[in-house]
Amino acid sequence: MSVRTRRTSFPEVVIERETDTEESSDEDEEEEEEEVEEDVVESDDHDEIENQNGKDDGGELSAADNKGKTPITISLKKVCKVCKETGHQAGFQGATYIDCPMKPCFLCKMPGHTTVNCPHRVAMEFGVIPASRKRTHNSLDYVFERQVRSGVPAIKPAFVIPDKVTCAVIRYHSRRVTCLEFHPTNNNILLSGDKKGQLGVWDFGKVYEKTVYVNIHKALLNNMKFSPANDGTVYTASSDGTVSCTDLETGLSTSLMDLNPNGWQGRNSWRMLYGMELNAEKGLVLVADSFGFLHMVDARANSKIGDSILIHKKGTKVVGLHCNPLQPDLLLSCGNDHFARIWDMRRLEAKSCLYGLPHKRVVNSAYFSPLSGSKIVTTSIDNRIRVWDSIFSNLDTPSREIVHSHDFNRHLTPFRAEWDPKDSSESLVVVGRYISENYNGTALHPIDFIDISTGQLVAEVMDPNITTISPVNKLHPRDDVLASGSSRSLFIWRPKIEYEKVRAKVKSKIMVCNSKNKKKLGDESDNGDDDSGDDFSSKKEWHNVCGDVLHSVAVCR
DNA sequence: ATCAAATGCGCCC
DNA sequence: TGGGCGCCCTTTGA
């Protein structure tokens with residue numbers, strides 16, 4: 001690091017420099033700091049001077065108030081951007097992120113180590129709390145035991161992991177994807193909601209057939225569910241405070257509820273809808289708002305049922321609702337008051353919850369297991385997936401806590417661990433990962449498949465072209481297909497063998513969605529360069545061409 | 001290239 | 001108990 005010195009008549013500038021990175025090869029740099037003088041542009045009223053040395057980010061600056069001859073001290077010492085201390089730095093070194101050692105581990109939140117050497121990073125097989133075997137003879141025992149217990153097979157089948165991107169739509173939504181839902185009967189239709197409130201309908205079997213309905217909501221489309229009575233109809237709940245019922249053919253929607261009939265009256269009164277669930281037996285649409293209340297709408301009569309019920313701490317968001325698949329009167333809710341709660345719909349009133357499942361922080365999602373409904377998986381932003389093996393057991397503590405990085409930055413859609421509805425053993429769960437891993441020099445955020453019965457990481461799925469985080473994931477109800485929402489884009493993954501089949505089929509059929517790229521795409525498809533396997537010619541191309549069939553992956557604008 | 005903005009939530013006073 | 005402030009691996013597009 002060379003030091004330049006000039007004489008001026010202007011205030012002396014003291015620059016503190018960091019030298020420890022150079023391992024003292026210079027003999028004259030025994031001191032950690034040196035004093036030099038530098039030019040300072042004259043100005044009348046500068047309290048601060050911007051550090052113009054862009055490369056030295058993290059450089060700290062302080063300046064004397066007076067414009068006279070008092071020294072101005074500019075510190076070029078490298079400070080940690082996390083804790084502002086010197087002597088270490090947090091941030092990416094290449095594709096590896098180095099944690100600040102002064103903070104608790106970013107992954108498991110325990111002090112004494114960083115993510116780099118966190119034991120949970122090496123092998124995520126730490127069920128930190130053993131499964132409880134104690135029976136509690138609670139009110140649920142007798143009601144559901146007989147219906148449910150027999151439905152849980154003891155033998156775990158081999159997991160099939162969809163780990164190859166077979167098609168993708170990038171720049172499909174204009175804002176980040178918030179939720180996904182597969183069509184209940186048509187195997188190739190994927191619905192997606194986004195932060196703007198738009199609803200996408202994508203036939204990923206035909207890749208380029210897609211529709212985006214833009215007028216259904218005005219704010220985040222937080223949750224959607226297909227009507228059990230009519231699979232051409234979908235209900236959506238939004239941060240604009242409305243529930244809509246939309247016909248997928250026409251895009252026509254009717255509003256079932258509007259929590260803000262008087263429009264915008266300020267931040268404190270604007271009500272947003274998050275959790276949503278349908279109770280098919282009763283023909284009810286259940287929604288929960290950002291103030292802790294549950295609302296019920298009769299889907300057929302399109303009329304509100306009863307009063308709103310406070311089901312979580314007043315003033316907090318209720319982000320998830322789920323009815324038990326075998327006993328729909330059993331409702332599971334979760335929210336920002338750090339609780340997941342189990343309710344009996346037949347006697348539902350404030351504080352009537354059967355159980356409160358405490359978490360350390362906000363609970364992003366809570367789901368009963370999809371077949372027997374006897375297990376519960378929750379995702380909390382304390383970086384833990386919690387598992388209750390049986391709702392008949394002692395629910396005071398979870399059977400397992402699985403450390404997993406999904407504590408999110410405010411700009412992301414919250415991560416939710418989602419069951420594999422095809423797994424008869426009800427142990428496979430998919431969840432996006434927040435922290436990245438260095439894969440051959442690229443920082444990628446995999447989508448993790450976790451066996452919640454052991455806490456074991458079964459598979460981590462990633463594609464070198466997907467550098468964005470994938471917080472939204474959904475496994476197909478019948479096929480071995482994974483759908484992911486990552487930023488604005490949607491991806492369909494299949495197991496390798498399926499991928500090969502799709503690829504062979506698609507190769508013979510060149511699809512062009514974007515005329516701008518027609519020629520380029522034609523070239524791409526003509527050269528028959530499919531030996532490059534799964535890699536695209538370049539990341540840039542994959543994203544920028546935005547076009548269509550690159551090898552077998554279709555990307556549509 | 002660089003930068004601001006969009007934002008949710010935890011924590012502090 | 002509530003308002004204000006600040007933020008550790010974002011993403012986008014101006």
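The chains referred to below are lettered A, B, ... by the order of the sequence lines, with proteins before strands, and numbering in each begins at 1. What you see is a predicted model, and the numbers here were worked out from it, not measured in a lab.
In this structure, A:Ile435 places its CD1 atom 13 Å from P of C:dC9, rounding to the nearest Å. Going from atom CG of A:Asp407 over to atom P of B:dC11 covers 11 Å, rounded to whole Å. Straight-line distance from the NE2 atom of A:His406 to the P atom of B:dG8: 19 Å, rounded to whole Å. Between the NZ atom of A:Lys195 and the P atom of B:dA5 there is a distance of 14 Å, given to the nearest Å. Across the protein-nucleic acid pair, A:Phe408 atom CZ and C:dC8 atom P stand 15 Å apart, rounded to whole Å. Here the P atom of nucleotide C:dC7 and the NE2 atom of A:His411 are 12 Å apart, to the nearest Å. Straight-line distance from the CH2 atom of A:Trp270 to the C1' atom of B:dG8: 18 Å, rounded to whole Å. Look at CG on A:Asn383: it is 14 Å from P on C:dC8, rounded to the nearest Å.
Donor-acceptor pairing under 3.5 Å is lacking for the side chains of A:Thr379 and A:His406. For the residue pair A:Ser470/A:His445, the side-chain donor-acceptor check at 3.5 Å is not satisfied. Side-chain contact of A:His295 with A:Asp289: a donor-acceptor pair under 3.5 Å is present, judged by distance alone. Side-chain contact annotation: A:Thr178 with A:Asn222, donor-acceptor N/O pair under 3.5 Å absent. For the residue pair A:Trp202 / A:Ser192, no side-chain donor-acceptor distance below 3.5 Å is found, with atom types taken as modelled. Checked by atom type, the side-chain pair A:Asn473/A:Ser484 shows a donor-acceptor distance below 3.5 Å.
Stem analysis of DNA chain C (at least three stacked-register Watson-Crick or G-U pairs, each with both distances under 3.5 Å) gives B:2-6 with C:10-14, B:8-13 with C:2-7.
Dashed line: the shortest gap from a side-chain N or O of A:Arg175 to OP1 or OP2 of C:dT10 is not under 4.0 Å. For A:Asn336 and B:dC9, the shortest distance from a side-chain N or O to OP1 or OP2 is below 4.0 Å. Contact check, A:Ser487 against C:dT12: a side-chain N or O comes under 4.0 Å of OP1 or OP2.
A salt bridge links A:Lys225 and A:Glu277; the closest N-O separation between the charged side-chain nitrogens and carboxylate oxygens is under 4.0 Å.
Note on ring orientation: taking the six-membered ring where Trp is involved, the planes of A:His322 and A:Phe368 are tilted (angle from 30° to 60°). Ring pair A:His359/A:Trp388 is tilted by interplanar angle, where 30° to 60° counts as tilted.
Side-chain proximity of A:Thr468 to B:dA6, C:dT11, B:dG10: nearest is C:dT11. For A:Ile469, taking side-chain heavy atoms from C-beta onward, the closest of the listed nucleotides C:dC8, C:dT10, C:dC9 is C:dT10. Between C:dC8, B:dG10, C:dC7, one nucleotide has an atom nearer to the side chain of A:Arg410 than all others, and that is C:dC7. In this structure, of B:dC9, C:dT10, C:dC8, it is C:dC8 that holds the atom nearest to the side chain of A:Phe106. Between B:dG10, B:dG8, C:dT11, one nucleotide has an atom nearer to the side chain of A:Lys317 than all others, and that is B:dG8.
Contacts of residues 356-367 of chain A with DNA chain B (heavy atom under 4.0 Å): A:Arg361, A:Val362.
Rounded to whole Å, the P atom of C:dG13 lies 14 Å from the corresponding atom of B:dT7. For the C1' atom pair drawn from C:dC8 and B:dC13, the interatomic distance equals 24 Å after rounding to whole Å.
Judged by the 6.0 Å distance and 45° axis criteria, A:Lys210 is not positioned over the aromatic ring of A:Tyr208.
Across all strands, A:Pro104 comes closer than 4.0 Å to base atoms (heavy-atom distances).
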